[in-house]
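First comes the structure, then the notes that go with it.
The model shown is predicted, which means the values in this text are computed figures rather than measured ones. In what follows, chains are A, B, ... by sequence order, proteins preceding strands, each numbered from 1.
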Number of protein chains: 2
Amino acid sequence: MTDQEALAQAFTALADPTRREIFERVAARPRAVGELADGLPVSRPAVSQHLKVLRDAGLVSARADGTRRIYELDPQGLAGLRDYLDGFWNRSLRAFARAAEQHSHTRQENDR
Amino acid sequence: MTDQEALAQAFTALADPTRREIFERVAARPRAVGELADGLPVSRPAVSQHLKVLRDAGLVSARADGTRRIYELDPQGLAGLRDYLDGFWNRSLRAFARAAEQHSHTRQENDR
DNA sequence: GGCATTGGTAAGTCATAACTTACGGTAAGT
DNA sequence: ACTTACCGTAAGTTATGACTTACCAATGCC
């Protein structure tokens with residue numbers, strides 16, 4: 001899989017509001033599918049399908065626990081997105097950064 | 001516009017390969033619409049429509065120059081995406097930090 | 001004024017993606 | 001062994017979004 005494809009999958013995965021909500025729930029703490037589906041306005045199979053998209057994008061990973069599947073956040077897909085966005089930020093925006101610093105953006109540069 | 005909506009627009013904007021290509025061209029250097037469309041496998045109106053999506057997402061901005069419109073990168077949308085992803089990244093570090101150093105700056109997010 | 005250049009918008013087509021219900025397969029409880 | 005719980009996949013429907021051509025407005029040039 002090329003970088004472009006991986007990137008497209010990751011952006012596509014997080015573009016859908018329901019899927020982003022699922023991703024955020026997984027990120028908050030690892031959970032089984034049924035628990036993830038509880039409270040969401042879609043059916044459990046829909047959640048399974050969303051989880052597959054998130055898995056293929058490298059954003060979450062699953063481990064078996066009996067008949068349950070525990071999903072947790074996968075740093076890999078996240079890192080790809082961060083690197084991609086940071087490229088634009090560092091290469092093209094350093095000049096603008098000061099002017100745009102009304103938005104106090106605190107971040108560690110060495111934390112990856 | 002809520003943060004959620006803004007985020008959805010930004011992710012959606014970058015999910016499409018053609019649109020991401022246009023975004024990258026704009027980021028490389030400010031350009032007019034016709035110049036952006038040159039070499040792309042889609043029509044110029046399609047490029048205009050893509051640029052509208054990117055503008056609404058706060059990822060690019062336009063200024064008039066005669067009959068031409070010069071598009072350039074807009075840091076605002078990029079910052080929104082970075083901030084969002086950094087929240088999870090820091091969380092991921094907490095969960096997966098075995099070989100990682102300790103980080104003083106952590107962002108608290110509410111569990112849902 | 002008349003014409004060319006530039007680019008945004010409208011309308012319609014077509015592919016895809018997000019959902020539903022139905023079903024099957026596997027592990028655990030009794 | 002039978003039943004229950006959990007979850008992934010199949011098939012079908014529907015909404016959305018990415019594209020096309022046609023058209024129109026604004027600016028610059030002669």
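For the salt bridge (charged side-chain N to carboxylate O under 4.0 Å, His left out) test, residues two or more places apart in sequence or in another chain that qualify with B/Glu35 are B/Arg29. Not counting sequence neighbours, the partners of A/Gln76 by the side chain to side chain contact (heavy atoms under 4.5 Å, CB included) test are A/Asp74. Residues passing the salt bridge (charged side-chain N to carboxylate O under 4.0 Å, His left out) test with B/Arg25 are B/Glu21, sequence neighbours excluded. Not counting sequence neighbours, the partners of B/Arg20 by the side chain to side chain donor-acceptor pair (under 3.5 Å) test are A/Gln4.
Under the side-chain hydrogen bond (donor to acceptor under 3.5 Å, both in side chains) criterion, no residue pair touches residues 5-18 of chain B, with sequence neighbours excluded. Applying the ring pair (Phe, Tyr, Trp, His ring centres under 6.0 Å) test to residues at least two apart or on different chains, the pairs with a partner in residues 13-33 of chain B are A/Phe88-B/Phe23. Residue pairs meeting the salt bridge (charged side-chain N to carboxylate O under 4.0 Å, His left out) criterion with at least one member in residues 58-68 of chain B, sequence neighbours excluded: B/Asp65-B/Arg68.
Separating the CG atom of A/Asp16 from the P atom of D/dA15 is a distance of 16 Å, rounded to the nearest angstrom. Rounded to whole Å, atom C1' of D/dT9 lies 11 Å from atom CZ of A/Arg55.
In the region residues 33-51 of chain A, proximity to DNA chain D at under 4.0 angstrom, judged on heavy atoms, holds for A/Val33, A/Gly34, A/Arg44, A/Pro45, A/Ser48, A/Gln49. Using a 4.0 Å cut-off on heavy atoms, the residues of residues 56-71 of chain B that approach DNA chain D are B/Gly66, B/Thr67, listed by number.
Heavy atoms of B/Thr18 sit under 4.0 angstrom from primed sugar atoms or phosphate atoms, though from no base atom.
When Watson-Crick and G-U wobble pairs are counted only if both distances are under 3.5 Å, C/dT30 pairs with D/dA1.
Where DNA chain C meets chain A (any atom under 4.0 Å from a heavy atom), the bounding nucleotides read 5' to 3' are C/dA18 to C/dA28.
Using cut-offs of 30° and 60° for the angle between ring planes, the B/Tyr84 and B/Phe11 rings count as perpendicular.
Between atom CD of residue B/Glu24 and atom CG of residue B/Leu14 there is a gap of 8.5 Å, rounded to the nearest 0.5 Å.
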All N/O donor-acceptor pairs, side-chain side in residues 44-57 of chain A, below 3.5 Å, sequence neighbours left out:
| residue | atom | partner | partner atom | Å |
| --- | --- | --- | --- | --- |
| A/His50 | ND1 | A/Arg19 | NH1 | 3.4 |
| A/Lys52 | NZ | A/Asp56 | OD2 | 3.4 |
| A/Arg55 | NE | A/Tyr71 | OH | 3.3 |

